[in-house]
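Both counts, for ligands and for their atoms, begin at 1 and track the order of listing. Sequential numbering from 1 along the given sequence is applied to the chain's residues.
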Amino acid sequence: MPAFNWTCPHCGRDQSVVDQKYHDIAVPINVGGSAEGNVSACALAIGCANPDCKKTSVWFSVRRNRGFNSNYAVNNDADPLYHRRAIPTSSAKNQPSFVPEPLVEDYTEACLIRDDSPKASATLARRCIQGMIRDFCGIKKATLAKEIEALRALVDEGQAPAGVTHETVDAIDHVRSIGNIGAHMEKEIDLIIPVDPDEAQVLIELIEMLFEEWYVARDTRQRKLAAISKIGADKKQLIADGRAVSNALIPPGNNDGQAGV
Ligand SMILES: [Zn+2]
């Protein structure tokens with residue numbers, strides 16, 4: 001089998017899949033002639049090469065004219081009769097605890113049902129994006145489209161919360177221009193509008209980007225600032241206690257074990 005590039009859905013690590021980490025089974029189904037022609041039940045598994053993960057991903061599918069060794073890569077059959085990833089069940093990434101729980105719930109469920117019900121998945125994703133704009137940016141309007149407009153105005157005026165940039169608003173606008181998603185954002189948040197799994201996936205990826213650029217970046221910033229102000233406070237305390245010593249006065253080897261740090 002030629003090695004191919006793949007991203008582990010468990011840990012997100014990009015890697016090249018080689019023979020030893022790949023297993024592919026196809027069992028012909030014999031029902032004495034069927035409308036679908038020759039049909040096989042297939043299972044495909046890939047083991048993650050990341051030593052910190054090593055988890056297995058498994059897909060099940062039913063395919064026409066599928067013999068042993070006829071193809072290798074994941075999802076390379078354009079028209080399977082059935083194809084689902086069984087493990088992991090959802091593509092949802094673990095989110096840190098400081099992302100509000102209702103947002104994580106909507107996101108996780110949107111991922112879980114993306115293939116079976118893209119309409120419902122997109123509706124949850126849209127609600128999650130609205131929840132984020134309301135929670136993180138403090139904007140509440142009648143529709144998501146109006147909220148995005150208000151967010152752009154805030155960014156233009158330089159009044160948006162830290163981390164909300166022109167690029168993120170552009171990304172939201174770009175997603176709005178895809179298929180039925182734009183129409184989605186003009187309507188009531190709970191109105192279900194048909195979309196396909198690819199469109200639902202675009203919304204899910206937008207959510208992941210906003211989690212990262214808004215919540216994760218804010219937490220990182222806050223932790224760095226807290227560390228800096230602690231250093232400042234410690235220094236002040238040292239001076240107040242009269243314990244501040246010039247580094248030049250500390251003899252080599254007597255630096256509290258901090259050598260090389
Ligand atoms: Zn992995």
Side-chain angles (χ1 to χ4, degrees), residues 1-27 40-63 66 68-78 80 82-118 120-122 124-125 128-129 132 163 168 171 175 196-221 223:
M1 178 196 81
F4 60 90
N5 294 328
W6 176 74
T7 306
C8 173
H10 295 283
C11 66
R13 177 77 65 90
D14 295 330
Q15 53 202 272
S16 182
V17 177
V18 295
D19 260 327
Q20 297 92 314
K21 304 303 289 179
Y22 182 95
H23 195 83
D24 185 13
I25 311 159
V27 180
S40 298
C42 311
L44 186 160
I46 297 177
C48 180
N50 172 7
D52 295 330
C53 174
K54 286 184 161 179
K55 287 187 176 153
T56 310
S57 300
V58 180
W59 292 257
F60 290 118
S61 58
V62 178
R63 297 173 190 276
R66 172 69 197 275
F68 291 103
N69 301 322
S70 59
N71 53 23
Y72 286 107
V74 180
N75 279 333
N76 63 350
D77 182 343
Y82 172 86
H83 179 75
R84 281 286 180 279
R85 190 175 67 199
I87 301 172
T89 47
S90 166
S91 62
K93 296 175 179 144
N94 284 336
Q95 296 300 328
S97 58
F98 50 75
V99 178
E101 209 175 305
L103 300 180
V104 177
E105 268 177 26
D106 279 352
Y107 157 74
T108 307
E109 204 165 322
C111 292
L112 193 64
I113 60 174
R114 182 197 61 199
D115 292 334
D116 289 326
S117 179
S121 172
L124 280 167
C128 181
I129 293 167
M132 257 189 276
T168 46
V175 169
D196 61 37
D198 289 343
E199 288 176 301
Q201 178 60 24
V202 167
L203 283 170
I204 286 168
E205 286 175 19
L206 176 65
I207 292 171
E208 288 169 350
M209 191 197 86
L210 295 179
F211 279 162
E212 192 68 35
E213 294 198 358
W214 291 0
Y215 290 95
V216 175
R218 180 174 67 185
D219 180 73
T220 308
R221 224 167 28 239
R223 277 188 293 112

Pair listing, salt bridge (Lys or Arg N to Asp or Glu O under 4.0 Å) test, anchored in residues 206-219, at least two apart: Lys93-Glu208, Asp219-Arg223
Neighbour count >12 (heavy atoms, 6.0 Å) for atom CG, Asp116: yes
Tyr107 ring center within less than 6.0 Å of Phe211 ring center: yes
Considering all heavy atoms, the nearest Pro80-His83 contact: CG-CB, 3.7 Å
Partners meeting salt bridge (Lys or Arg N to Asp or Glu O under 4.0 Å) with Arg13 (sequence neighbours left out): none
The Zn ion (ligand 1) - number of protein N/O/S atoms closer than 2.8 Å: 4
Quiz: residues 46-57 side-chain donor-acceptor pairs under 3.5 angstrom, not counting sequence neighbours:
from, atom 1, to, atom 2, distance (Å)
Asn50, OD1, Asp52, N, 3.0

